[in-house]
Amino acid sequence: MELNRGLNTRQQQAMSAGLGPIQVLAGPGSGKTRVLTFRIAYLISHLAVRPYNILAVTFTNKAAREMQARVEDLLGGEARGLSLGTFHGACARILRIEAEYLPFDSNYVIFDADDQRGLVKQAIREQNLDEKRYRPVSIHASISKAKNDLILPDDFPLQTYRDEIVQRVYTRYQELLLNSNAVDFDDLLLWAAHLLEHNLEVREKYSRRYEHILVDEFQDTNLAQYVLIKHLSSFHRNIFVVGDSDQSIYRWRGADYRNLQRFEEDFSDAQIILLEQNYRSTQTILDTAMAVIESNPYRTHKELFTKKGKGKKLTMHEAFNGQEEGQWIVHTIAETVAKGKADPGDFALMYRTNAQSRLLEEAFLQANLPYKLVGAQRFYGRREVKDVMAYLRLVHNPNDEASLSRVINTPRRKIGNKTILNLRTLALNEGVTLAKVLIDLAKGEESEFYGAFSAGAARALSGFGKLFAGWGDAAPELTPLALMDKILTDVDYQSYLDDGTEEGKDRWDNVLELKRLAAEYKERSLSEFLEAVALVSDQDTMDKDANVPTLLTLHAAKGLEFPTVFITGLEDGTLPHIRSFDDPEGMAEERRLFYVGITRAKNDLFLVRALNRSTYGYQEPTDPSRFLDDIPGELIQGGNPWELGKTYRQRQTHAATNWDAPSTSAPILEPEFQAGQYVRHPTWGEGMVLNAKIEDGEEVVEVHFEDIGMKKLLASLAKLEVVT
DNA sequence: ATAAAGTGACTTTTT
DNA sequence: GTCACTTTAT
């Protein structure tokens, strides 16, 4: 069999490279997924490697499924036994198999973001900490970061008082997870890495099995993932990674594109193969992308080139506000489709934040045109879907307290907070699990616990206990769908949802959709169904068949391509996002995000912004994204008004001052402070002025304080004293 | 125990 | 302006 169909020389070189560590550095659209696919097929067909001995890790399940199909296509047969999936999926499987070495059972459940937040909150409350001061989300972010860096509670570095709080909450949070026989997303990686690191037997088992390991999107691996693949490949050292540091967009999730460099150091004998030729975009789009990414510091220049030709110039558009931004895009799409120049499915609308999708959706709804939105949260985050999943999770793992508290009184069965609290206390005192108490209460008055509750509460709990016990007995014999049906009938979930409104109908439709998904698990276990649902990614929810425009975040766009791309919200504060303004690394990542968006486009690129945008309900004028300054005018229809930040920006500032502040006090024209000056702040002490400028007639001073770092202050409010 | 009304944080990005 | 969560009235 010839396996070089349509591969260029470099790609073939990567496909048929010898053994040992290999790193493929691949620009956007250079066919890295193809290379990965061909490499797997090559290993199986030419090197006689058994699929069972190959592990390939992709970023999403969707990518894994596509790759599996393509490998089988290339081989002209099945590739049974091939391990192909996401990091989280692969870890979940290892943890189930090796549960005997771990502090939880193999039927553990994976807690979602809401469950995780709930648990952190509980931990915070138990420690009598102020939830206002220590926000669960923020504490959880710190815990998550620690986990991605493989830091256990005991090793948590303590530099500030807050660190001590985080450590305490982290410790308790882990206990609570284990009490529920649960893990969170980060734990999947953490426990797996930990197991491979400390259990020689297990490490040898897997590293011997996986003769070949292949990793896609390597620039977005975090330390836990890096350590994981290092251990997994420790026996055979056949590790093949593909990545592009310019497309690293998950720093906030612990990803470190320097893993590419680390790889070169740790595997100094690695072959390095560069893929530069682009097969996706026109040269104009590539030139735009290069112009944008070029401004990032500390990167090696990559020359993106294509044989596709220059193509069309890109279009910039300024809409009056967010509404009109959406309307203009929908109008443009409708017009192009009407002229027969494109299919509706050719278009993608990308945005920085999820909140932006609403106005875009509204524009489609208004025009009565269909669209699809990429985002798992949309469906799996719905109340009714979470309810039904919680029932299933509870049956599968009776220790799952998060699910229990979710469903024990849904639909209402007169079990209020007071009763639940009593139940908890009772279980704690008796040293048994909540599930045990409930199942015992199913016996009714015979139960030793029955008398501990008021008559009404006891009856209500007993009723639920009976249902619960019944599901537990029936579950082993039932498919996930059959179990779901039984539960839905037993609790009469449909009439609970049906309140006569349109919304109630929609909710039931979602339950039906969930049933459809469960129906695919006829041959597979409940455990597999639960795991799949817990680990769906946004991209997994994309159906390619619907021939309609796609709405998605720039993050979700990674790895995809579309004939025409609209990047929306190109305003300072949105892209780049305001939260990255005072962090150079963050700003570099914002730029990469823009770069990823641009390079998704095959033929047409539209850069769109709104002159006014509402945040928190108030509409405010915006500044154009500073990234637009870097795009050469000759690439844009009608030139670039912001090229190198020149004229337009100034003109606009003047205009804004004239309109917005007609009668207030005369604008201060000169900053009072200067960069380099030392100042004293009443609470933060001494610091150095980094920058001082006039914004909206107010002097804004950026000061670096020794203890707390950079702060942006209003000179009129901050009571800064100059220190000499 | 539950529904209604009020409060306050909040928008990055996601497995 | 929205969501989740808390307080309050029934």
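Letters go in sequence order (proteins before strands), and every chain restarts at 1.
Between the side chain of T574(A) and the backbone N or O of L570(A), no donor-acceptor pair lies under 3.5 Å.
Within the nucleic acid shown, R125(A) comes within 4.0 Å of sugar-phosphate atoms alone, with no base atom in reach, counting heavy atoms only. At a threshold of 4.0 angstrom between heavy atoms, the contacts of K558(A) with the nucleic acid are absent. Within the nucleic acid shown, I415(A) comes within 4.0 Å of sugar-phosphate atoms alone, with no base atom in reach, counting heavy atoms only. Residue-level contact check: R358(A) touches the backbone only, with heavy atoms under 4.0 Å from sugar-phosphate atoms and none from bases. Note on R383(A): nothing from the nucleic acid sits closer than 4.0 angstrom, heavy atoms only. Residue-level contact check: T419(A) touches the backbone only, with heavy atoms under 4.0 Å from sugar-phosphate atoms and none from bases.
For R393(A) and D400(A), the salt-bridge test passes: some basic side-chain N is under 4.0 Å from an acidic carboxylate O.
The shortest side-chain heavy-atom distance between F453(A) and L423(A) falls under the 4.5 Å cut-off.
Think of the region where chain A sits on DNA chain C: with heavy atoms and a 4.0 Å cut, that region ends 5' and 3' at dG1(C) to dT6(C).
For T553(A), the side-chain atoms get nearest to dT13(B) when compared with the rest of dT15(B), dT13(B), dA1(B). With distances taken from any side-chain atom of R135(A) to the nucleotides dT14(B), dA9(B), dT2(B), the minimum falls on dA9(B).
Heavy-atom contacts from other residues, nucleotides or ligands closer than 6.0 Å to CZ of R258(A) number 12 or fewer.
The aromatic rings of Y250(A) and F59(A) lie tilted to each other, with the angle between the two planes from 30° to 60°.
Taking side-chain N and O atoms only, N417(A) has no distance below 4.0 Å to OP1 or OP2 of dA1(B). When the side-chain nitrogen and oxygen atoms of S537(A) are compared with OP1 and OP2 of dT15(B), one or more of them lie within a distance under 4.0 Å. Contact annotation: N354(A) reaches the phosphate of dT14(B) (side-chain N/O to OP1 or OP2, under 4.0 Å). Taking only side-chain nitrogens and oxygens, T60(A) never comes nearer than 4.0 Å to OP1 or OP2 of dT15(B). Proximity of N409(A) to the phosphate of dT2(B): a side-chain N or O atom is located under 4.0 Å from OP1 or OP2.
Secondary-structure stems of DNA chain B, taken as three or more successive Watson-Crick or G-U wobble pairs (i with j, i+1 with j-1) under a 3.5 Å distance threshold, comprise B:1-10 with C:1-10.
For the residue pair S495(A)/D492(A), the side-chain donor-acceptor check at 3.5 Å is satisfied. Side chains of Q122(A) and E126(A): a donor on one and an acceptor on the other come within 3.5 Å.
Across A556(A) and Q539(A), no two heavy atoms sit closer than the pair O-NE2, 2.7 Å.
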